[in-house]
Each structure stands twice: as structure tokens, then as C-alpha cells.
Amino acid sequence: MTEINFSILVISLLLYVLLGGADFGGGILELLTKGKASGIVSRAIAPVWEANHVWLILVVVILFVGFPPVYSTILTALHIPVLLVLLGIILRGSAFTFRHYDIDEATPKAIYSTIFQYSSLFTTFFLGVTLGGVILGNISLDYQDGFYKVYVHPWLNWFSMSMGLFLVLLFAFLAGIFTVSELKEEKYIRYFSRIAKRLIIALVIVGAMVFIAAEISGHPLFYEFYHSPVSLGSIVLATIALPLLWINLNKNKRNMLRIIGGFQTTMIVTGWFAIQFPVLVKVSSGDDITLQNSSAPEQVQFYLLIALVVGVLIILPSMAYLYKTFKFDKQSSSESI
């Protein structure tokens with residue numbers, strides 16, 4: 001049952017990266033285009049953006065109940081970047097709500113747009129920084145080591161910073177791909193296709209920088225990837241998909257763009273999980289927190305699984321109906337007009 005609950009956690013995290021990541025990337029895309037994408041982003045994410053946080057909530061709940069040492073370690077050792085992420089989510093959500101639903105005047109709308117754009121960038125960056133802290137292995141469980149060593153050193157390093165930048169570009173890339181696939185006017189399709197291509201190039205460059213930063217920080221990431229067949233295969237498949245994505249951007253094949261963009265992101269997430277598994281949090285002492293030693297008792301896992309099954313049976317149809325109502329039906333009606 002532990003493995004089933006963990007699988008649900010992984011799927012929830014992947015869905016948050018794909019869907020919530022595209023929403024965060026929408027704000028970053030607005031920033032990159034100096035506000036030119038504002039109307040497009042608002043129309044694309046307004047009906048569904050808040051619902052995507054359900055996947056993050058599901059991840060947090062599963063960690064809290066099913067894997068408490070993982071939850072407590074991350075929210076203790078990495079509480080500074082996590083707190084910054086939460087503040088960014090609040091700022092971003094509030095600004096988007098006021099801009100989209102309540103404010104019609106130009107000046108406050110511009111202010112809320114700026115807050116939305118920069119908080120999207122800020123939140124995504126510190127999500128990546130937090131992830132870097134989980135991966136790198138600088139976390140100390142000895143709270144006698146001092147404030148800096150315990151609460152700052154695990155995430156304030158080149159590797160975590162490069163992970164933050166990588167996640168910013170990944171989310172912006174997802175938003176760019178999904179934006180192109182929703183556009184109708186040719187001039188906007190060409191404009192956002194160019195941006196998506198530049199983001200692809202930047203993503204490849206920063207991806208290489210992540211490996212370099214890992215070596216500088218004393219983490220043999222390249223060696224680990226090379227000796228993990230699943231991780232290596234995932235990166236190879238993601239790389240092979242790049243020219244396919246480029247070709248479909250030129251041809252504006254919307255469904256293929258969504259599929260390939262989602263596939264590449266899935267391969268990146270799969271590569272990360274495969275390289276660490278069964279380790280969930282790397283610790284500086286070598287006593288890593290794994291799937292086995294962090295799992296709650298079997299009875300807890302059993303009741304957690306029941307709750308997850310009931311929750312999924314409610315969430316999935318509700319999310320499907322939400323997307324059908326506000327995305328697919330709306331898109332079909334606009335195309336018919």
C-alpha cells in the first residue's frame with residue numbers, strides 16, 4: 001500500500017508540474033513579453049488556474065500522513081524557500097483575482113499585473129530552489145550545527161539556484177507551448193512560436209548549467225544520470241523529442257504541441273525520480289530519508305489509501321467537468337464562430 005500511495009503522490013506532483021506549472025509560466029510569459037500576453041494568459045487560465053493547486057494540496061497531504069519524516073524535514077530544513085513559495089502563491093493569486101475580476105481602472109490593473117508577473121517568477125524560482133535542496137544532500141539533521149548550516153546552507157548554493165532558473169524556464173516553456181496551441185490569429189501564433197523556440201534553447205543551455213553547478217557543489221549528478229538507465233533513457237527521449245517539437249511549432253499542430261511538451265516534461269520528472277529512488281530526501285550525514293524508512297505504519301497507509309481513492313473518485317470527474325465546461329466547450333464554440 002505504501003507503493004500505491006507513493007505512486008499517487010508522484011502522479012499528483014507530475015500533474016502539478018504540467019498544469020500548475022503552465023499557470024505559473026503564464027505569469028512568467030507575460031513578463032517576458034512585457035505584458036503582450038496578458039489578455040491571452042487571462043483567457044487561458046482564468047477558469048481553471050485555482051483548481052490546479054489541488055494537486056499540490058494532495059502532495060502535501062500524502063507526505064504529511066504517509067511519509068511524515070519527509071514532510072517534517074523539508075518544512076524544517078528548507079522552511080525559508082518554502083515560506084517564500086507560499087508568500088508568492090498568495091501574492092500571485094490575489095493579484096490575478098483583483099486584475100481579472102474586480103479592477104477595471106488602468107492604473108490598479110497595471111499594478112496587479114506587475115505583482116502577478118513577478119510573483120509568478122519569484123514563486124517558481126523558489127520552488128526550484130527547494131527542489132534543489134531536496135536533491136543536493138546538504139540538509140543537516142543535527143540542529144546543533146547552527147542556523148546557517150541547518151536552515152540556509154542546504155538551499156543557498158549554485159545547484160539550487162540553477163534548479164530555480166531551470167524550473168522558471170520549464171514553466172515558461174510549458175506556458176508558451178500551451179499558449180501557441182490555443183491561438184487563432186496567425187501573427188500571434190508566429191510571435192509566440194518564436195518565444196517558445198527561444199525558451200527551448202534557453203532550457204537546454206540551463207539544463208547543462210544544472211549539471212555543471214552540481215559538480216561545483218560536490219554532487220556527481222552526471223555520474224548518477226549516466227549510471228541510471230531510466231534517467232539516461234528519459235533524457236535521451238526528451239532530447240529526441242526536441243526536433244519534433246520544433247517541427248510542430250513551425251506547422252502549428254496544436255494537439256501534437258501539447259502532447260510533445262507534456263511528454264518532455266514527464267521525461268524530465270521521471271529522470272529525477274529514477275535517479276534518486278528510493279531516496280526521497282538526501283541528507284549530508286548519509287542517513288538519507290527513503291521510501292522505506294519514512295513510511296507511516298501499514299494501518300495508516302491503508303486508511304490513507306481509502307481516503308485517496310475516495311478523493312480521486314471525486315476530484316477527477318470534477319476536474320474533467322471543469323475543463324470540459326471552461327476550456328473545451330468554450331474552445332469549440334469560439335472556433336465555430
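Only a predicted model underlies this, so the values are computations on that prediction, with no experimental measurement involved.
- Linking ILVMFWY residues whenever their side-chain heavy atoms come closer than 4.5 Å, directly or via other members, places Val60 and Leu58 in the same cluster.
- At distances below 3.5 Å, not a single donor-acceptor pair connects side-chain atoms of Asn293 with backbone N or O atoms of Ile289.
- With values rounded to the nearest 0.5 angstrom, Leu244 atom CG is found 11.0 Å from Leu249 atom CG.
- In this structure, Ser162 contributes its side chain and Phe159 its backbone to a donor-acceptor pair below 3.5 Å.
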Under the criterion side-chain contact (heavy atoms from CB on, under 4.5 Å), I'd like the reasoning laid out for Leu167 against Phe125: C-alpha separation, chi angles, the key distance, then a yes or no.
CA-CA 7 Å; Leu167 201 65; Phe125 178 76; over 6 Å; no
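- A 4.5 Å side-chain heavy-atom check between Val134 and Met163 finds every atom pair outside the cut-off.
- Evaluated for a side-chain contact (heavy atoms from CB on, under 4.5 Å) with Leu78, the options Val129, Ile139, Thr73 yield exactly one hit, Ile139.
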What do the steps show when you test Phe24 against Ile89 for side-chain contact (heavy atoms from CB on, under 4.5 Å), and what is the final call?
CA-CA 9 Å; Phe24 283 114; Ile89 289 175; 4.1 Å; yes
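- Using a 4.5 Å heavy-atom threshold, the side chains of Val180 and Ile195 count as separate.
- Counting heavy atoms from C-beta outward, Phe171 and Asp23 have side chains that stay 4.5 Å or more apart.
- A tilted orientation is assigned to the rings of His227 and Tyr223, their planes being inclined by 30° to 60°.
- The aromatic rings of Tyr16 and His53 sit tilted, their planes meeting at an angle between 30° and 60°.
- When the side chains of ILVMFWY residues are joined at heavy-atom separations under 4.5 Å, either directly or via intervening members, Leu13 and Val82 end up in a single hydrophobic cluster.
- A single hydrophobic cluster is not seen to contain both Val236 and Phe273; linkage of ILVMFWY side chains at heavy-atom distances under 4.5 Å, directly or through other members, places them apart.
- Using a 4.5 Å cut-off on side-chain heavy atoms (C-beta onward), Val61 and Ile57 make contact.
- A heavy-atom distance below 4.5 Å is found between the side chains of Tyr303 and Gln299.
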Determine whether Ile135 and Ile275 satisfy the following criterion, side-chain contact (heavy atoms from CB on, under 4.5 Å), listing intermediate values before the conclusion.
CA-CA 10 Å; Ile135 296 172; Ile275 201 174; over 6 Å; no
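- Atoms CG and CG, from Leu169 and Leu32 in turn, are 8.5 Å apart once rounded to the nearest 0.5 Å.
- Enclosure of atom CZ in Phe211 by more than 12 non-hydrogen atoms of other residues, nucleotides or ligands within 6.0 angstrom is indicated.
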I would like to know whether Val230 and Phe277 meet side-chain contact (heavy atoms from CB on, under 4.5 Å); could you show each step before the answer?
CA-CA 11 Å; Val230 176; Phe277 190 82; over 6 Å; no
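- Closest of all the heavy-atom pairs between Gly27 and Ser120 is CA-OG, 3.6 Å.
- For the atom pair OG1 of Thr114 and CG of Leu31, the computed distance is 8.5 Å after rounding to the nearest 0.5 Å.
- A side chain to side chain donor-acceptor pair (under 3.5 Å) check over residues 199-209, counting only residues at least two apart or in different chains, returns nothing.
- Hydrophobic clustering (ILVMFWY, side-chain heavy atoms < 4.5 Å, transitive): Ile4 and Val309 are in one cluster.
- Not less than 6.0 angstrom separates the ring centroid of Phe67 from the ring centroid of Tyr71.
- Closest of all the heavy-atom pairs between Phe122 and Gly88 is CD2-CA, 4.2 Å.
- Of the possible donor and acceptor atoms, one in the side chain of Ser119 sits under 3.5 Å from a partner among the backbone N and O of Phe116.
- Sorted by first and then second residue, the side chain to side chain donor-acceptor pair (under 3.5 Å) pairs involving residues 149-160 (not counting sequence neighbours) are Asn157-Ser160.
- Here the side chains of Leu121 and Gln117 are not in contact, with every heavy-atom distance at 4.5 Å or above.
- For Ala274 against Ser231, the heavy-atom pair with the smallest separation is CB-OG, 3.4 Å.
- Summarising the geometry of Leu203 relative to Leu170, their closest heavy-atom pair is CD1-N, 3.5 Å, with the distance given to 0.1 Å.
- Residues Phe6 and Leu280 meet the side-chain proximity criterion, which asks for heavy atoms closer than 4.5 Å.
- Separating the CG atom in Leu313 from the CG atom in Leu308 is a distance of 11.0 Å, to the nearest 0.5 Å.
- None of Val70, Val279, Thr2 except one satisfies the side-chain contact (heavy atoms from CB on, under 4.5 Å) rule with Ser294; the exception is Val70.
- Listed by first and then second residue, the side chain to side chain donor-acceptor pair (under 3.5 Å) pairs involving residues 203-220 are His219-Glu224 (not counting sequence neighbours).
- For the residue pair Ser234 and Thr270, no side-chain donor N or O sits within less than 3.5 Å of a side-chain acceptor on the partner.
- Between Ile200 and Leu242, the shortest heavy-atom distance links the atoms CG2-CD2, 3.5 Å.
- We find the CG-CG distance between Leu127 and Leu84 to be 10.5 Å, quoted to the nearest 0.5 Å.
- Ile212 and Leu131 end up in different hydrophobic clusters when Ile, Leu, Val, Met, Phe, Trp and Tyr side chains are linked at under 4.5 Å.
- Side-chain atoms of Gln301 come within 3.5 Å of backbone N or O of Gly66 as a donor-acceptor pair.
- Side-chain contact between Ile260 and Trp246 is absent, with no heavy atoms from C-beta onward closer than 4.5 Å.
- Contact detail for Leu199 and Leu29: the closest heavy-atom pair is CD1-CD1, 4.3 Å.
- Expressed to the nearest 0.5 Å, how far CG of Leu14 lies from CD1 of Ile11 amounts to 8.0 Å.
- With hydrogens and angles ignored, the 3.5 Å screen pairs a side-chain donor or acceptor of Thr130 with a backbone N or O of Phe126.
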